[in-house]
Every structure is written in structure tokens, then in C-alpha cells.
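Read the numbers this way: they start at 1 and go in the same order the structure lists the ligands and their atoms. Position 1 is the first residue of the sequence, and the numbers go up from there.
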Amino acid sequence: MKSAAPIRSICCIGAGYVGGPTMAVIADRCPDLQVTVVDINQDRIDAWNDSDLSKLPVYEPGLDAVVGRARGRNLHFSTGVDEAIASADMVFISVNTPTKTRGLGAGQASDLRWVEACARQVAKSAVGHTIVVEKSTLPVRTAEAVKAILSAAEHSLDGSQRSFSVLSNPEFLAEGTAISDLESPDRVLIGGEHPEAIESLASIYGHWVAHERILRTNLWSSELSKLTANAFLAQRISSINSVAALCEATGADVREVARAIGTDSRIGPKFLQAGPGFGGSCFQKDILNLVYLCRHFGLPDVADYWESVVQLNTWQQHRIARMVVKKLFGTVTGKRLAILGFAFKADTNDTREAPAIRIAKDLLEEGAQLAIHDPKVDSEQIARDLQLPASTAPAVDSGPTRAALSGEGTWWPSDDVASALREADAVIILTEWNQYRDLDWSVLAPLMRQPAWLFDARSVVNPSEVRAAGLNFWRVGEGQS
Ligand code: UDX
Ligand code: ADP
């Protein structure tokens with residue numbers, strides 16, 4: 001194998017939520033490195049190349065500035081996958097790894113067909129020595145499959161001199177804070193078998209990450225650490241949400257409990273915000289992956305332990321929908337409800353596994369009329385998530401719509417909060433967008449049909465202002481003392 005030459009050119013396969021921002025920051029921080037991000041999705045690549053930086057396919061605060069500085073200089077977006085692989089010293093695999101929907105491991109195991117396709121493409125097109133970096137979150141020992149495909153290419157009989165090293169370099173960025181997470185990471189994790197390949201990648205991060213924050217491990221520890229980090233984080237959320245339910249039943253307040261336990265330095269204050277349950281593309285998928293691995297390796301009790309974290313999360317979402325129905329005299333059929341927030345958290349347009357999906361579906365099932373507002377999520381995405389096309393918003397003071405009279409659940413998008421609330425029996429806050437924090441309830445409450453409710457699943461509004469405006473009020477984890 002060749003010794004580690006300095007890396008001059010890298011390629012990233014997959015221009016998604018992870019690949020795009022990560023490569024943009026690498027290019028920004030390493031101006032001497034040529035960075036090409038490739039994708040088979042032409043629309044996505046066109047959006048990354050759009051001269052209007054507000055049209056980038058991923059919404060992340062600060063991303064437009066980073067892309068604006070590097071694009072065209074040493075950051076390129078293209079659909080020329082084979083050419084980019086051929087000219088790269090290092091190839092990152094950053095494609096989607098959703099949960100399998102059919103076959104062996106359906107509902108739990110990761111679907112690795114895109115990763116495998118990438119490995120085969122790298123095997124076919126790479127020239128000379130290539131370091132292949134797993135960036136997508138992958139089940140433990142995936143690198144083995146990637147290595148097997150690549151080493152078959154090393155031994156091909158076409159006379160070309162090719163060799164590969166495989167590294168695992170999981171990404172810990174969270175959506176909404178991707179750029180700051182990438183620019184000042186808690187740590188960078190590099191797992192591998194060949195020290196010189198590890199050092200090549202470490203030297204890229206070394207442009208802006210302190211030496212002691214770059215952790216080197218073996219391949220399997222690196223792969224497992226990513227799943228475990230997400231499982232621990234998700235477990236904290238299920239833990240605090242379980243306590244929120246107990247607070248509501250006993251008269252305690254989950255915010256006070258969170259503060260009390262969070263000041264214990266062994267527990268720490270982060271990730272103790274009770275809410276409608278966790279969403280996002282990673283937590284559920286990664287835990288289910290862990291569950292599958294545990295069962296596969298003969299550890300059913302460990303599998304059950306982690307699975308309960310997901311079960312509690314699903315329960316929390318159904319619980320909120322049930323509670324809304326109960327408070328509205330046991331029925332929401334034909335009632336207008338305003339949903340504020342559809343993204344799985346603030347500062348992102350991503351709705352993957354958003355708690356709003358399950359809660360809205362439950363309410364639609366009960367025949368509710370939902371006016372849905374989100375500052376970043378477009379109505380086509382909501383329609384796909386709810387598997388129900390949008391209806392047209394009823395005219396002001398139109399009275400019950402035909403659908404409402406027949407008990408059919410419908411929804412429509414609302415461009416502003418006031419129109420979502422008009423004539424509504426309840427408003428349900430499901431995403432902690434900043435703009436929901438300082439709404440003027442003395443102006444909004446009179447727009448609603450009385451008696452009206454505000455359900456704050458994210459603890460963003462000021463309870464005394466809401467009560468002073470004459471609304472009935474529920475918020476997650478607040479018991480009636
Ligand atoms: C997560 C991990 O944080 C990140 O390290 C990993 O790389 C990918 O998965 P992300 O899914 O973008 O990132 O969002 P995160 O901020 O972790 O939030 C996940 C979900 O948990 C959101 O729905 C959020 O609203 C919820 N959450 C988070 C809570 O309900 N309470 C909290 O205290 C924190
Ligand atoms: P993530 O959140 O992990 O970044 P995304 O779904 O946002 O996942 O992005 C993954 C990207 O990978 C998609 O844009 C998809 O088109 C792309 N992709 C999947 N398979 C391939 C492949 N074989 N070659 C190039 N791009 C691919």
C-alpha cells in the first residue's frame with residue numbers, strides 16, 4: 001500500500017443534510033483542498049449551485065455564508081459521480097441509510113443498499129490509493145462489507161494499481177446548529193485500521209479542530225459510538241418525558257425537576273427539555289438499529305431496554321393527542337384546531353419523524369379540522385407526511401365546512417398565526433420556533449371560539465399572559481397543584 005500522501009482532493013457522495021454542510025465547512029476551512037460533492041439527484045445539485053443562496057436545499061443558519069465563500073473556489077457540486085471519485089484522494093460516503101421497510105430486519109435494521117451501491121461505484125471508478133470514509137451513520141461492522149467490496153476491486157485482474165483504506169468518521173452535527181457544531185465540534189471521531197489513513201483525515205480536521213478533540217479508535221468502536229451517543233441522548237428525552245407525565249399527575253413541575261437534577265454535575269443540564277417527543281432522522285432510526293444488532297448478537301434483554309426508549313416516545317405523542325381530545329369535551333370532530341410548528345425542532349425545515357406528524361394524524365383520525373402553521377416547512381411536505389392533500393382554508397366566518405359536518409378530518413396550511421387561530425377551539429404548539437415565544441395572546445385569544453384552549457407542548461409561552469387573556473392552558477409536565 002502507498003504511504004499517506006497529502007490529500008489534495010476529496011469527494012463526498014451524497015449532497016444531503018450531512019454531506020452538504022460538512023463539505024462546505026471543510027472547503028471553507030481548507031482553501032487548498034478541492035472538495036466536490038456529488039449526488040444522483042440533479043434537482044438537489046442544481047439547488048446547491050443556485051446563485052440565490054436562500055434556495056440551498058438545506059436550511060441551516062450560517063450555511064449560506066459558508067457556501068458563498070467557498071463555492072466555485074474549492075467547493076463544487078456536481079452529478080458527475082464517477083469523475084469526482086476518479087480524481088479524489090479521499091471519498092466520503094454520506095448517503096441516506098433509512099430503516100428497512102421490508103425483508104429481513106424490516107422496521108429496525110438500516111437499509112444499506114445506497115451505501116453498498118456507493119462502495120461498488122468507488123470500487124469501479126477509483127484511481128490509485130483512495131481513502132474511503134464512512135460518514136453516514138451505519139450499523140456496527142458495515143465497514144466490513146465496504147472493505148470486502150473494495151478489496152475485490154484491489155485484486156481485480158485489469159492490471160490497474162488500486163488500493164483502499166476504510167475509515168469511519170461519524171458526524172455528530174445536530175440540525176439547526178450544523179454550522180457551529182461543525183466549526184467547533186465537541187470531538188471528531190476517526191476509526192480505522194491504518195494509522196496513516198487516520199492521520200490523513202485528522203490533518204484535514206486539524207486545520208480548525210484542536211488536536212486533543214480528534215479521537216482515534218478502531219473501526220467498530222467508532223461505528224458503535226455514533227449509535228450509542230444518539231441512543232443516550234434519546235434516552236434522556238424519554239426519561240424526562242416520562243417524568244413530565246408523572247409531574248402532570250402529581251402536581252410537580254417538570255421544569256423545576258429538570259433544573260434540580262440538571263445542577264448535579266454528573267447529570268448536567270442539557271437535553272432535559274420535556275416536549276412532544278423526539279423526532280429527526282437519527283434518534284429513532286439509530287436506536288432501532290441498536291435494537292436489531294442486540295437481537296442479532298443474542299442480547300434480547302439489552303434490545304428490550306433500548307426499544308423501550310422508542311416506545312415511550314411514541315406513547316408521549318399519542319398521549320398528547322389523546323389529552324387534547326379529552327380536554328375538548330371528549331371530541332374534536334368538526335372542530336378547528338391550530339397547530340403551530342410542524343418541523344421536528346426549531347431552526348430546520350426537516351420534518352422527518354416530527355412528533356407533529358403522529359399528533360396531527362391522531363387528531364385527523366378524530367375528525368379535526370387542522371390549520372397548520374410552520375415558518376419553514378412547505379405545504380407539499382406536510383401533505384406527504386400526513387398522506388393527505390391540503391384542503392382550501394375555509395373563508396372567515398364561513399361556519400362549519402362540508403367536511404366538518406361529515407366528520408372528516410382535513411387540514412390546510414396557514415401563512416400566519418392569526419389566521420390559523422381564527423375560530424379555532426384550541427391551539428397546539430408543537431415546535432419551539434422563537435416567533436411563538438412572544439405572541440400577544442391578548443390580541444390572539446379573542447380570535448378564537450370560546451371556551452378556547454392553548455396546549456403548549458414545548459413550554460414556550462408565558463402562562464400568566466395566556467391565562468390573563470382568558471384561555472384555558474395546558475403545558476407539558478405542569479401538574480395542577
Ligand atoms: C441528533 C443529535 O443531537 C446529533 O448529534 C446527531 O448527529 C443527529 O441526531 P438532531 O436530530 O438534528 O441531532 O436534533 P437534536 O437537537 O438532537 O434533537 C432531536 C429531537 O429531540 C428533536 O425533536 C428535539 O426537539 C428533541 N429534544 C431535544 C427534546 O425534546 N428535548 C431536549 O431537551 C432536546
Ligand atoms: P443525510 O441526512 O444522511 O445527509 P439525505 O437523505 O439528506 O441523508 O441525503 C442523502 C443523499 O444521498 C441524497 O441526496 C441522495 O440522492 C444521495 N444518494 C444516495 N445514493 C447515492 C449514490 N449512489 N450516488 C450519489 N448520491 C446518492
Side-chain angles (χ1 to χ4, degrees), residues 11-23 37-45 47-48 57-58 60 77-82 84-85 91-98 110-122 125 135-138 170-178 181-182 185-187 189 225-227 229-241 244 254 258 262 269-287 313 316-317 341 343-348 350-356 430-432 457-459 476-477:
C11 155
C12 174
I13 309 180
Y17 277 89
V18 173
T22 309
M23 292 302 127
V37 188
V38 292
D39 204 296
I40 39 179
N41 182 336
Q42 180 76 53
D43 291 343
R44 219 170 220 199
I45 291 299
W48 280 111
V58 169
E60 278 296 333
F77 295 94
S78 152
T79 50
V81 182
D82 292 319
I85 294 172
V91 177
F92 290 77
I93 297 183
S94 190
V95 296
N96 34 330
T97 50
S110 273
D111 191 337
L112 296 179
R113 78 179 103 150
W114 293 276
V115 172
E116 186 179 328
C118 282
R120 290 185 191 282
Q121 206 151 4
V122 175
S125 304
K135 198 72 180 146
S136 318
T137 303
L138 296 167
E171 186 45 66
F172 293 99
L173 66 80
E175 287 178 29
T177 52
D181 292 342
L182 287 163
D186 286 346
R187 77 316 209 173
L189 186 55
S225 299
K226 171 67 189 190
L227 294 185
N230 278 345
F232 267 60
L233 291 168
Q235 181 202 43
R236 266 174 89 92
I237 300 170
S238 279
S239 298
I240 200 70
N241 284 340
V254 75
K270 294 186 181 164
F271 262 68
L272 287 178
Q273 182 82 47
F278 56 77
S281 67
C282 290
F283 283 176
Q284 175 164 320
K285 182 186 81 174
D286 289 355
I287 295 182
N313 194 53
Q316 174 78 344
Q317 295 169 11
F344 81 96
K345 64 176 188 177
D347 292 324
T348 176
D350 195 346
T351 62
R352 288 180 285 180
E353 305 297 338
L430 294 180
T431 311
E432 71 286 22
R458 292 284 189 174
S459 299
V476 66

Do any nitrogen or oxygen atoms of [X] lie less than 3.5 angstrom from nitrogen or oxygen atoms of ligand 1?
X      : answer
Ser281 : no
Glu175 : yes
Phe344 : yes
Cys282 : no

If you have a sec, work out which protein heavy atom is nearest atom 16 (O) of ligand 1 and how many Å separate them, to one decimal?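 Going atom by atom, the protein heavy atom closest to atom 16 (O) of ligand 1 ends up being Lys345 NZ, 2.8 Å.
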
Give the residue and atom name of whichever protein heavy atom lies nearest to atom 31 (N) of ligand 1, and the separation in Å to one decimal.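 Protein heavy atom with the smallest distance to atom 31 (N) of ligand 1: Gln273 O, 2.8 Å.
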
For [X], which part has a heavy atom under 4.0 Å from ligand 1: side chain, backbone, both, or neither?
X      : answer
Ala174 : both
Glu353 : neither
Thr177 : neither
Lys285 : neither

Within a distance under 4.0 Å of any heavy atom of Glu171, pick out the atoms of ligand 1 and give their elements.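 By the 4.0 Å cutoff, the relevant atoms are 7 (O).
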
Show which atoms of ligand 1 fall inside a sub-4.0 Å distance from at least one heavy-atom site of Lys226.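 Reading through ligand 1 atom by atom, the close ones are 6 (C), 7 (O).
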
Nearest non-hydrogen contact with [atom] belongs to which option: [options]?
atom                    : options                        : value
atom 20 (C) of ligand 1 : Ala274, Gly279, Pro185, Gly280 : Gly279
atom 28 (C) of ligand 1 : Ile237, Leu233, Asn230         : Ile237
atom 15 (C) of ligand 2 : Val58, Asp39, Val95            : Asp39

Do any nitrogen or oxygen atoms of Ile13 lie less than 3.5 angstrom from nitrogen or oxygen atoms of ligand 2?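 No; the residue has no nitrogen or oxygen that sits under 3.5 Å from a nitrogen or oxygen of the ligand.
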
Say whether Tyr17, considering both its backbone and side-chain N or O atoms, lies within less than 3.5 Å of an N or O atom on ligand 2.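 There is such a contact, yes.
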
Can you list the atoms of ligand 2 that are under 4.0 Å from a heavy atom of [X]?
X      : answer
Arg44  : 5 (P), 7 (O), 9 (O), 11 (C), 13 (C), 14 (O)
Gly16  : 4 (O), 5 (P), 7 (O), 9 (O)
Trp114 : 19 (C), 20 (N)

I'd like to know whether ligand 1 has Lys270 as a neighbour, heavy-atom separation below 4.0 Å.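 Under 4.0 Å: no for Lys270.
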
Measure Lys135 to ligand 2 on non-hydrogen atoms and call it side chain, backbone, both or neither using the 4.0 Å cut-off.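 Lys135 to ligand 2: no contact under 4.0 Å from either part.
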
Just how far is it from atom CD of Glu60 to atom CG of Asp347, taken to the nearest 0.5 Å?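 Output value for this atom pair is 8.5 Å.
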
For Arg352 and ligand 2, answer yes if some heavy atom of the residue is under 4.0 Å from a ligand atom, otherwise no.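 Arg352: in contact with ligand 2 (<4.0 Å).
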
